[in-house]
Number of protein chains: 2
Amino acid sequence: MTTDTDRPAQPRIPLSRDRVLQAAVRLADDSGIDAVTMRRLASELGVEAMSLYYHVASKEELFDGMVDMVVAEIEERCGGFSVPGDLDWKSALRKRILTARQVMLRHPWAPGVLETRTTMSPRMVLYFDTVLGIMVEGGFSFDLGHHAMHALGSRVLGFNQELFAPDSDTQEDQADEMLAQMAERVPYIVGMMQEIVHDGPEETLGWCDDQTEFEFSLDLLLDGLEQRLG
Amino acid sequence: MTTDTDRPAQPRIPLSRDRVLQAAVRLADDSGIDAVTMRRLASELGVEAMSLYYHVASKEELFDGMVDMVVAEIEERCGGFSVPGDLDWKSALRKRILTARQVMLRHPWAPGVLETRTTMSPRMVLYFDTVLGIMVEGGFSFDLGHHAMHALGSRVLGFNQELFAPDSDTQEDQADEMLAQMAERVPYIVGMMQEIVHDGPEETLGWCDDQTEFEFSLDLLLDGLEQRLG
DNA sequence: ACCTGAACACCGTTCAAGT
DNA sequence: ACCTGAACACCGTTCAAGT
């Protein structure tokens, strides 16, 4: 005989906004963002869907909260958001952005959700402030800093927005299909694919190494900004 | 007395895939992408929702088709997709991309839908081939061209992906709120906003001129690529 | 060949009610 | 203060049936 409650594992932790958000992030990580419905999330927490509304005003607010959790993770990995005094702006920015990228890679749903946000959390604003701060302390005018934020776009937060998001299987299949079906109509793409398939190292699955591409464009932008600075 | 049919305007044009797609694009233009539901679209065409499935396999395929319509519009404005022989790569690319941007501005829903596509239409592949072609004929290696496509990202298709998509009203309100509430915690952003508000020309609503920002980052990237080319 | 009615299995959200 | 049941107004999609 146990006590009154004989539920298997959880002895009965009361719900809280934080627990809701954590569960939502975990669910999205594990099963994709489409799995995050109010009903499914609730059942994951051993509760009815309507209980969630006590801790979160709407699904939009849930998404806001999830994004904020991710930003908090970036903050943690950066050891807090503050403008470093020692490094030069370029390597400081590069480092921070690549840290953000590591976090984003663990939450593949985050970029998509982020883009649909209509408002920024204070923590996010703080993040942007330190990024801008690194630039300004590095000699940027406010104007150039402003342009730079727009130019970097999603890269400030560590993701290259891909124009198409093929399921990893589809990527190669599609390439093959193209080569076969419209080969003579798209000579440049065919040429590019042939060269890259030949030259590419063994470990590159498909034919784009995302990390390489991310760093290429990041450095392209940073170099360009450095020049505008002179 | 009229004929058998006495419907108000449309005498009875039969449905077709093309008419469905056209109506969907118009509906998204007018009322936003969320208004594009199968039921609403059908009623716009004076038909039942289920009839649409005869011309379009699923809602995903409907979205694919809508995006393809937009690409077709770009093709039209470019006078067809073919690699020009006369211009230098930089201005040729710039021109094509700014043309694409004009089309995207008329279909504000298109960027968002595009990013969720998992497959490219042949027409889209063709577009990318000419963009790559302009680079290659301008002296790019296939490898640099490949990197360049990734670096340009959504800009090849004429849009700066904005990290946040605030309703135009909210943009200013939010700025004010920030200035008021966390002024001392985000000194750089506050500094930037003050300077830009003071310096900005009268006609700049809010405090970002999207066209200016778009061209700034586009040129930053094009200049950077030119340098990698040398 | 083209269109439809009825139905299924979902959504987010409201609201009055329970403890 | 916290959670719930029942219900509302939607979705996309299937399938057998109509003309």
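Here is the naming used below: chain letters follow the sequence lines, and residue numbers restart at 1 for every chain. No hydrogens, no waters, no symmetry mates; every other heavy atom, side chains included, goes into these values. The model shown is predicted, which means the values in this text are computed figures rather than measured ones.
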Chemist: Indicate whether OP1 or OP2 belonging to C:dC2 is found under 4.0 Å from a side-chain N or O atom of B:Y54.
Modeler: yes
Chemist: In terms of ring plane angle, is the pair A:H147 and B:F216 parallel, tilted or perpendicular, where the classes change at 30° and 60°?
Modeler: parallel
Chemist: Answer yes when A:R26 and A:E44 have at least one side-chain N-carboxylate O distance shorter than 4.0 Å, and no when they do not.
Modeler: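 No, this pair does not count.
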Chemist: Between B:R40 (CZ) and D:dC11 (C1'), how many Å, whole number?
Modeler: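 Going from B:R40 (CZ) to D:dC11 (C1'), I get 14 Å.
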Chemist: Verify the distance criterion only: is there a donor paired with an acceptor across the side chains of B:H146 and A:E195 at less than 3.5 Å?
Modeler: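 The criterion, which ignores hydrogens and geometry beyond distance, is not satisfied for A:E195 and B:H146.
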Chemist: Measure the distance from CG on B:L52 to P on C:dT4 and round it to the nearest whole Å.
Modeler: 9 Å
Chemist: What is the distance, to the nearest angstrom, from the CZ atom on B:R19 to the C1' atom on C:dC3?
Modeler: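 After rounding, the gap between these two atoms is 13 Å.
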Chemist: Nearest-Å distance, CG (A:L62) to P (C:dC11)?
Modeler: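 Value for this atom pair: 14 Å.
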Chemist: Counting distance only, does the side-chain N/O of B:K59 pair as donor-acceptor with the main-chain N or O of B:V36 below 3.5 Å?
Modeler: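 Such a contact is found between B:K59 side chain and B:V36 backbone.
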Chemist: Tabulated below should be each protein N or O lying under 3.5 Å from an N or O of nucleotides 12-17 of chain C; please produce it.
Modeler:
unit_1: C:dG12; atom_1: OP1; unit_2: A:K59; atom_2: NZ; d: 2.7
unit_1: C:dG12; atom_1: OP2; unit_2: A:M38; atom_2: N; d: 3.1
unit_1: C:dG12; atom_1: N7; unit_2: A:R39; atom_2: NH1; d: 2.6
unit_1: C:dG12; atom_1: O6; unit_2: A:R39; atom_2: NH2; d: 3.0
unit_1: C:dT13; atom_1: OP2; unit_2: A:Y53; atom_2: OH; d: 2.9
unit_1: C:dT13; atom_1: OP2; unit_2: A:K59; atom_2: N; d: 2.9

Chemist: For atom CG of A:D34, decide whether the heavy atoms of other residues, nucleotides or ligands shown that lie under 6.0 angstrom number more than 12.
Modeler: no
Chemist: Could you check which nucleotide pairs with D:dT4 in any of the strands shown, counting Watson-Crick or G-U wobble with both distances under 3.5 Å?
Modeler: C:dA16
Chemist: Ion pair present between A:D64 and A:R117, side-chain N to carboxylate O less than 4.0 angstrom?
Modeler: yes
